[in-house]
Protein chains: 2
Amino acid sequence: MTTTTLVPVFAALGDETRWSILVALGEGDASASALAGRFPVTRQAIAKHLAVLEEVGLVESVRVGRELRYRVLGAQLSETAQRLDRIGAEWDRRLAAIKRIAEGL
Amino acid sequence: MTTTTLVPVFAALGDETRWSILVALGEGDASASALAGRFPVTRQAIAKHLAVLEEVGLVESVRVGRELRYRVLGAQLSETAQRLDRIGAEWDRRLAAIKRIAEGL
DNA sequence: GAATAGTGCAACTATGTGGTTGCAGTATTC
DNA sequence: GAATACTGCAACCACATAGTTGCACTATTC
């Protein structure tokens with residue numbers, strides 16, 4: 001049970017390049033160097049993004065020989081999604097209640 | 001059906017102050033000035049945050065007399081959550097398949 | 001063991017943005 | 001209609017960060 005706070009996860013997801021990297025990893029594990037071949041940024045830039053993503057638990061890394069291979073963690077994304085959904089539903093529920101009261105019912 | 005792209009929504013959610021504002025609005029509609037009373041930042045800072053949130057469809061504004069009152073849109077949050085969940089599930093599914101193949105099954 | 005392919009670290013740049021102050025504009029209320 | 005609350009706009013500051021280059025380090029491969 002990764003009890004990461006939500007906001008940093010969103011901050012990590014809120015960058016186009018980082019999102020592209022996640023999508024690329026969704027098609028299969030890859031190293032920073034391999035990813036650098038597919039994007040118009042340097043390997044180091046990608047390495048920084050991967051560090052951010054790993055920090056918030058969206059990816060994990062595994063050493064394979066002389067390369068560091070990254071794997072996307074869909075479960076963390078799903079957990080974040082569920083938390084989001086609960087919050088959104090709660091807001092709608094509460095505001096609907098306020099509206100009912102305001103209408104004098 | 002708000003077909004906003006995901007990344008800007010995450011970027012909007014990825015700021016502590018903005019998240020706090022959303023949470024506050026979750027307890028009931030409020031204007032920028034009213035919110036400014038509850039947070040350690042100026043009204044203008046809050047107004048900027050509200051503009052960002054409105055831009056990505058997380059809140060909407062309604063003129064009430066001489067004040068602009070903001071309302072949180074839980075539905076947009078829930079929709080974002082569902083999109084996230086689907087993506088996360090898809091990644092896990094695909095990577096599990098790759099793993100199965102790698103294991104020669 | 002020499003060449004190679006990959007990662008790690010540091011310094012630096014530039015742009016974005018969260019925050020501020022100050023003032024003008026616009027509805028209310030008395 | 002004058003005082004009062006709000007909002008709206010603009011300029012500005014400071015810090016975070018996405019990106020770069022350059023080089024050292026480490027593990028393969030031949």
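Only heavy atoms go into these numbers, but all of them, side chains included; no hydrogens, no water, no symmetry mates. Below, read A as the first sequence line, B as the second, and so on, with proteins coming before strands; counting in each chain starts at 1.
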Trainee: D/dT17, OP1 or OP2 - any side-chain N/O from A/H49 closer than 4.0 Å?
Mentor: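 Answer no for this pair, as no side-chain N or O of A/H49 is under 4.0 Å from OP1 or OP2.
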
Trainee: Rounded to the Å, how far apart are A/W19 CH2 and D/dA18 P?
Mentor: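 A/W19 atom CH2 is separated from D/dA18 atom P by 16 Å.
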
Trainee: Check if the side chain of B/E16 and the base of C/dG18 share a donor-acceptor pair of N or O atoms closer than 3.5 Å.
Mentor: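 For B/E16, whose side chain was compared with the base of C/dG18, there is no donor-acceptor pair (under 3.5 Å).
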
Trainee: Are OP1 or OP2 of C/dG19 and a side-chain N or O of B/T17 less than 4.0 angstrom apart?
Mentor: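 True: B/T17 side-chain N/O within range (under 4.0 Å) of C/dG19 OP1/OP2.
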
Trainee: Using a heavy-atom cut-off of under 4.0 Å over every strand shown, decide if B/R63 touches base, sugar-phosphate, or nothing.
Mentor: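 Sugar-phosphate contact only.
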
Trainee: So, is B/T42 near the phosphate of C/dG19, with a side-chain N or O under 4.0 Å from OP1 or OP2?
Mentor: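 Answer no for this pair, as no side-chain N or O of B/T42 is under 4.0 Å from OP1 or OP2.
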
Trainee: What's the OH-C1' distance between B/Y70 and D/dG8, to the nearest Å?
Mentor: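 For the pair B/Y70 OH and D/dG8 C1', the rounded distance is 10 Å.
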
Trainee: Between the side chains of A/E90 and A/R94, is the shortest nitrogen-to-carboxylate-oxygen separation below 4.0 Å, so that they form an ion pair?
Mentor: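 Counted as a salt bridge, because a side-chain N and a carboxylate O are separated by less than 4.0 Å.
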
Trainee: Between D/dG19, C/dG18, C/dG6, spot the one nearest the side chain of A/E67, thanks.
Mentor: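 So the nucleotide nearest the side chain must be C/dG6.
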
Trainee: Quick check on DNA chain C: between B/A11 and A/R43, whose nearest nucleotide comes earlier from the 5' end?
Mentor: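 The residue closer to the strand's 5' end, by nearest nucleotide, is A/R43.
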
Trainee: Under 4.0 Å, heavy atoms only, any strand: does B/A32 hit a base, just the sugar-phosphate, or nothing?
Mentor: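 Sugar-phosphate only.
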
Trainee: Taking only Lys NZ, Arg NE, NH1 and NH2, and the carboxylate oxygens of Asp or Glu, determine whether A/E79 and A/R83 approach each other closer than 4.0 Å.
Mentor: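 Salt bridge: yes.
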
Trainee: Distance alone, cut at 3.5 Å: any donor-acceptor contact between the side chains of B/S33 and B/E67?
Mentor: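 B/S33 vs B/E67: no donor-acceptor pair found between side chains.
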
Trainee: For the pair B/R18 (side chain) and B/A12 (backbone), establish whether a donor and an acceptor sit closer than 3.5 Å, ignoring hydrogens and angles.
Mentor: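 Yes, the answer is positive, given that a donor and an acceptor are paired below the 3.5 Å cut-off.
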
Trainee: Both A/Q44 and A/R66 contact DNA chain C. Taking the nearest nucleotide for each, which residue is further toward the 5' end?
Mentor: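 The 5'-side residue here is A/R66.
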
Trainee: What is the distance from CZ of A/F39 to P of D/dG19, rounded to the nearest Å?
Mentor: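 Distance check: A/F39 CZ to D/dG19 P gives 11 Å.
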
Trainee: Between C1' on C/dT17 and CG on A/D15, what's the gap in Å once rounded to a whole number?
Mentor: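 About 14 Å, once rounded to whole Å.
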
Trainee: Roughly, in whole Å, what's the span from CG in A/L68 to P in D/dT26?
Mentor: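 Rounding to the nearest Å, CG of A/L68 and P of D/dT26 are 15 Å apart.
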
Trainee: Once you round it to whole Å, what is the distance between P of D/dT28 and CZ of A/R69?
Mentor: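 Atom CZ in A/R69 sits about 13 Å away from atom P in D/dT28.
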
Trainee: Can you tell me the distance, in whole Å, between the CZ atom of A/R18 and the C1' atom of D/dG19?
Mentor: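 Nearest whole value for this atom pair: 12 Å.
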
Trainee: Given atom CG of A/L13 and atom P of D/dA18, what is their separation to the nearest angstrom?
Mentor: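 Rounded to whole Å, this separation is 13 Å.
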
Trainee: More 5' along DNA chain D: A/A45 or B/S31, using each one's nearest nucleotide?
Mentor: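 By nearest-heavy-atom nucleotide position, the 5'-most residue is B/S31.
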
Trainee: In plain terms, say whether A/R71 and A/D29 are close enough for a salt bridge, that is, a side-chain N and a carboxylate O under 4.0 Å apart.
Mentor: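 Judged by the 4.0 Å cut-off on N to carboxylate O distance, A/R71 and A/D29 do form a salt bridge.
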
